[in-house]
Number of protein chains: 2
Amino acid sequence: MSAMTTTSPQGRTELLRPDGSPVRVLVVDDELSITELLSMALRYEGWQIRSAGDGTGAVQTAREFRPDAVVLDMMLPDMDGLTVLGRLRRDLPDVPVLFLTAKDAVEDRIAGLTAGGDDYVTKPFSLEEVVARLRGLIRRSGAADRRSDSVLVVGDLTLDEDSHEVSRAGENIHLTATEFELLRFLMRNPRRVLSKAQILDRVWSYDFGGQANVVELYISYLRRKIDAGREPMIHTRRGAGYLIKPAAS
Amino acid sequence: MSAMTTTSPQGRTELLRPDGSPVRVLVVDDELSITELLSMALRYEGWQIRSAGDGTGAVQTAREFRPDAVVLDMMLPDMDGLTVLGRLRRDLPDVPVLFLTAKDAVEDRIAGLTAGGDDYVTKPFSLEEVVARLRGLIRRSGAADRRSDSVLVVGDLTLDEDSHEVSRAGENIHLTATEFELLRFLMRNPRRVLSKAQILDRVWSYDFGGQANVVELYISYLRRKIDAGREPMIHTRRGAGYLIKPAAS
DNA sequence: TGTGTTTCTCAGGAAAATCACAGCTTTCAG
DNA sequence: CTGAAAGCTGTGATTTTCCTGAGAAACACA
């Protein structure tokens with residue numbers, strides 16, 4: 001099933017299927033809070049979501065829902081993750097799967113699985129990460145000519161979601177993982193004020209219990225790397241949040 | 001459920017559902033004074049309002065009322081806010097929710113709430129803020145192609161609710177949060193006289209106990225930034241209030 | 001295990017925003 | 001013309017919000 005993209009007037013890029021209908025994603029996890037969180041966030045991407053709490057339900061739902069991608073927790077009550085994967089693949093041989101695993105889980109098992117083009121994130125994850133990986137999976141599972149989609153551009157600032165390369169005015173910039181995710185979130189919502197709460201909810205993992213001023217701190221880091229000595233692109237809206245926009249305007 | 005807008009002859013922009021019927025909003029709070037206050041303000045927007053005083057009532061009402069948005073206090077007598085959310089979502093998976101929280105409880109556990117596109121305001125809130133957030137939620141939950149809806153225009157003055165940018169005759173103008181809200185209120189009611197009491201009630205939070213002349217003060221601030229050296233757009237109607245209108249006429 | 005990197009807390013200080021107060025100006029009724 | 005009410009705005013105190021340096025803790029990798 002191939003996917004195309006359109007860009008809404010907001011500047012938000014949306015993934016769509018070739019026939020224009022929304023992308024379908026199946027979320028499988030036994031913790032209700034996780035499926036709720038993911039469902040909500042993925043719906044916000046404009047995708048159509050179904051969820052299941054165990055392997056049996058997952059296989060059943062997949063059969064009739066025919067998702068374009070599956071988010072699958074490796075730890076399910078009734079079945080081993082691999083078994084679920086096998087049954088899913090019997091019905092939907094090409095569907096890409098994003099695995100959710102515990103941080104300390106054995107990685108060698110996953111390694112073999114992701115060779116097939118699948119991917120995984122470790123719990124606790126950040127929503128930006130899950131969304132980005134899913135977008136990647138869906139994009140790659142479809143028409144191959146969509147390389148440009150992985151590059152975000154705002155003014156003379158570019159961010160490549162595949163290679164994780166960032167550059168401003170042609171000059172390469174090294175970012176840490178968190179800085180990268182924060183910048184990606186800003187760049188996916190250019191010219192829009194994002195509150196610290198929104199940023200925290202999307203960029204930091206869902207169990208983050210720390211101080212809200214990490215956002216300020218990382219904005220500060222980003223400014224040093226992105227805006228240093230240049231026309232600033234990251235702006236503070238006191239009492240509201242932050243936004244990024246081309247330096248020109 | 002998607003939403004569209006029409007502009008009434010008065011120049012007031014109203015949110016409507018695709019079939020032309022008014023937007024429906026469910027208000028949930030255990031304090032009667034709050035539900036009354038909100039109901040009145042939201043009805044004034046032309047919306048259809050139902051209210052509930054606890055979680056059980058909220059879930060029941062939602063089921064038959066099928067609101068386009070919900071205003072939900074996190075502190076309810078019978079249920080935890082998140083529990084209510086879960087039950088609401090079971091019936092109405094896509095309904096956006098605006099949470100009301102106490103100022104000091106913010107850190108508590110709002111985490112993840114804004115991630116799904118939901119939003120929150122802290123008590124004590126200003127009605128303009130609640131209305132603006134609700135409008136945003138409803139707009140985004142509906143058809144995606146509505147950029148123009150986030151921009152208010154009066155004469156050569158424009159205000160963008162997404163980027164929080166204000167400009168007159170193409171020139172960018174920086175406003176503080178309060179100035180921005182005041183101007184938004186004026187611009188949402190162009191050519192209409194708004195009394196100081198109305199302004200105070202709408203733009204300042206409901207527990208504001210200060211001097212009434214803050215309104216005069218902020219009108220003064222606005223004039224310096226908006227009207228300075230130009231044909232004035234903000235006019236005083238002595239003994240009645242203020243109004244904004246295009247400079248031309 | 002050691003080393004360099006990254007993430008995050010804490011706290012001080014800077015900057016900005018909000019608002020009270022008071023004196024001044026404008027408007028208008030009589 | 002005059003006084004009172006209504007509105008305007010300069011000054012500055014207070015509060016809020018934001019920024020950032022320093023360093024601790026966690027982590028990644030050799």
Side-chain angles (χ1 to χ4, degrees), chain A residues 102-104 107 122-126 128-129 164 166 173-183 193-200 203-228 232 234-243, chain B residues 103-104 106-107 111 122 124-126 128-129 164 166 173-183 186 193-200 203-205 207-229 232 234-244:
Chain A
K103 185 89 170 195
D104 50 355
E107 305 238 338
T122 58
K123 286 186 181 183
F125 48 78
S126 83
E128 267 301 288
E129 200 181 342
H164 278 222
V166 174
I173 295 171
H174 169 80
L175 298 185
T176 70
T178 308
E179 289 164 357
F180 180 83
E181 289 220 347
L182 171 56
L183 183 60
V193 176
L194 302 167
S195 72
K196 277 184 265 195
Q198 278 178 303
I199 293 173
L200 211 49
V203 175
W204 270 260
S205 49
Y206 55 79
D207 73 338
F208 179 80
Q211 304 300 313
N213 91 322
V214 282
V215 176
E216 292 168 24
L217 186 62
Y218 273 86
I219 288 283
S220 169
Y221 291 159
L222 267 189
R223 280 177 166 150
R224 267 175 235 179
K225 295 183 177 180
I226 304 265
D227 283 347
I234 300 172
H235 303 267
T236 304
R237 288 279 174 275
R238 215 157 228 269
Y242 299 93
L243 86 166
Chain B
K103 181 91 169 192
D104 49 354
V106 175
E107 306 292 336
T122 58
F125 48 77
S126 83
E128 267 303 286
E129 200 181 342
H164 281 219
V166 174
I173 295 171
H174 170 81
L175 298 185
T176 71
T178 307
E179 289 164 357
F180 181 83
E181 288 222 346
L182 171 56
L183 182 60
L186 292 174
V193 175
L194 302 166
S195 72
K196 276 184 264 193
Q198 272 180 305
I199 294 174
L200 208 51
V203 176
W204 271 261
S205 48
D207 73 338
F208 179 79
Q211 304 299 313
N213 90 322
V214 280
V215 176
E216 292 168 22
L217 186 60
Y218 272 86
I219 288 284
S220 166
Y221 291 159
L222 268 189
R223 280 176 165 150
R224 261 176 244 180
K225 295 183 176 179
I226 304 263
D227 284 346
I234 300 173
H235 304 268
T236 304
R237 288 282 174 275
R238 196 160 230 266
Y242 300 93
L243 87 167
I244 199 167

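Predicted, not measured: the structure shown is a model, and the values here were computed from it. The analysis underlying the following values was restricted to heavy atoms, covering all of them including side chains, and did not include hydrogens, waters or symmetry mates. Just so we're on the same page: letters track the sequence lines, and every chain starts at 1.
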Practice problem: Scan residues 208-224 of chain B for pairs that pass salt bridge (Lys or Arg N to Asp or Glu O under 4.0 Å), counting only residues two or more places apart or in two chains. | Solution: Lys196(B)-Glu216(B)
Self-check item: salt bridge (Lys or Arg N to Asp or Glu O under 4.0 Å) against Lys123(A), all qualifying residues, sequence neighbours excluded
Solution: Asp29(A), Glu31(A), Asp73(A)
Quiz item: Can you check the Arg237(A) CZ to dA16(C) C1' distance for me, whole Å?
Solution: 14 Å
Quiz item: Hey, are the side chains of Leu200(A) and Val214(A) touching, using non-hydrogen atoms and a 4.5 Å cut-off?
Solution: yes
Practice problem: Kindly say if Ser220(B) contacts the phosphate of dT9(D), meaning a side-chain N or O under 4.0 Å from OP1 or OP2. | Solution: yes
Exercise. Ignoring backbone atoms, test whether His174(B) places a side-chain nitrogen or oxygen under 4.0 Å from the OP1 or OP2 oxygen of dA17(C).
Key: yes
Exercise. For the residue pair Leu217(A) and Tyr221(A), establish whether any side-chain heavy-atom pair is separated by less than 4.5 Å.
Key: yes
Exercise. Check whether any side-chain N or O of Thr176(A) sits under 4.0 Å from OP1 or OP2 of dT7(C), and answer yes or no.
Key: yes
Quiz item: Taking CG from Leu182(A) and C1' from dT6(C), how many angstroms apart are they, rounded to a whole number?
Solution: 15 Å
Quiz item: NA contact type, Tyr242(A), heavy-atom cut-off 4.0 Å: base, sugar-phosphate, or nothing?
Solution: sugar-phosphate
Quiz item: Do the side-chain N or O atoms of Tyr221(B) get closer than 4.0 angstrom to the phosphate oxygens (OP1, OP2) of dT9(D)?
Solution: no
Quiz item: Under 4.0 Å between a side-chain N/O of Trp204(B) and OP1 or OP2 of dT18(C), yes or no?
Solution: no
Self-check item: Within-4.5 Å side-chain heavy-atom neighbours: Leu182(A) and Leu175(A)
Solution: no
Exercise. Report yes if at least one side-chain N or O of Thr178(B) is closer than 4.0 Å to OP1 or OP2 of dT18(C); otherwise report no.
Key: yes
Quiz item: Lys196(A) side chain N/O closer than 4.0 Å to the phosphate oxygens (OP1, OP2) of dT17(D)?
Solution: no
Quiz item: In whole Å, what is the span from the CD atom of Glu179(B) to the P atom of dA16(C)?
Solution: 13 Å
Quiz item: How large an angle, rounded to 10°, do the end axes of the helix from dT1(C)-dA30(D) to dG30(C)-dC1(D) enclose when each is built from five base pairs?
Solution: 30°
Quiz item: Whole-Å distance between dT6(C) P and Lys225(A) NZ?
Solution: 7 Å
Practice problem: Check whether any side-chain nitrogen or oxygen of Thr236(B) sits under 4.0 Å from OP1 or OP2 of dG7(D), and answer yes or no. | Solution: no
Practice problem: Report the distance from atom CD1 of Ile199(A) to atom P of dC18(D), rounded to the nearest whole Å. | Solution: 11 Å
Quiz item: Can you find a heavy atom in the side chain of Leu186(B) that is under 4.5 Å from one in the side chain of Leu222(B)?
Solution: yes
Quiz item: Where along nucleotides 21-30 of chain C does protein come under 4.0 Å, by heavy atom, of base (B) or sugar-phosphate alone (S), with - for untouched nucleotides?
Solution: BB---BB---
Quiz prompt | For Tyr242(A), ring-ring contact (aromatic ring centres under 6.0 Å, His included) partners two or more places apart | solution = none
Quiz item: Taking the six-membered ring for Trp, are Trp204(B) and Phe208(B) parallel (under 30°), tilted (30 to 60°) or perpendicular (over 60°)?
Solution: tilted
Quiz prompt | Euclidean distance, atom CG of residue Leu200(A) to atom P of dC18(D) [Å, nearest integer] | solution = 14 Å
Quiz item: Does Arg224(B) have a side-chain nitrogen or oxygen under 4.0 Å from the phosphate oxygens OP1 or OP2 of dG10(D)?
Solution: yes
Quiz prompt | Contacts of type ring-ring contact (aromatic ring centres under 6.0 Å, His included), residue His164(A), not counting sequence neighbours | solution = Phe180(A)
Practice problem: Indicate the atoms forming the closest heavy-atom contact of Lys225(A) with Glu179(A), along with that distance. | Solution: NZ-OE1, 2.7 Å
Quiz prompt | Distance in angstrom units between Leu222(A) CG and dC19(D) C1', rounded | solution = 14 Å
Quiz item: Roughly how many Å is it from OH in Tyr218(A) to C1' in dT9(C), rounded to a whole number?
Solution: 12 Å
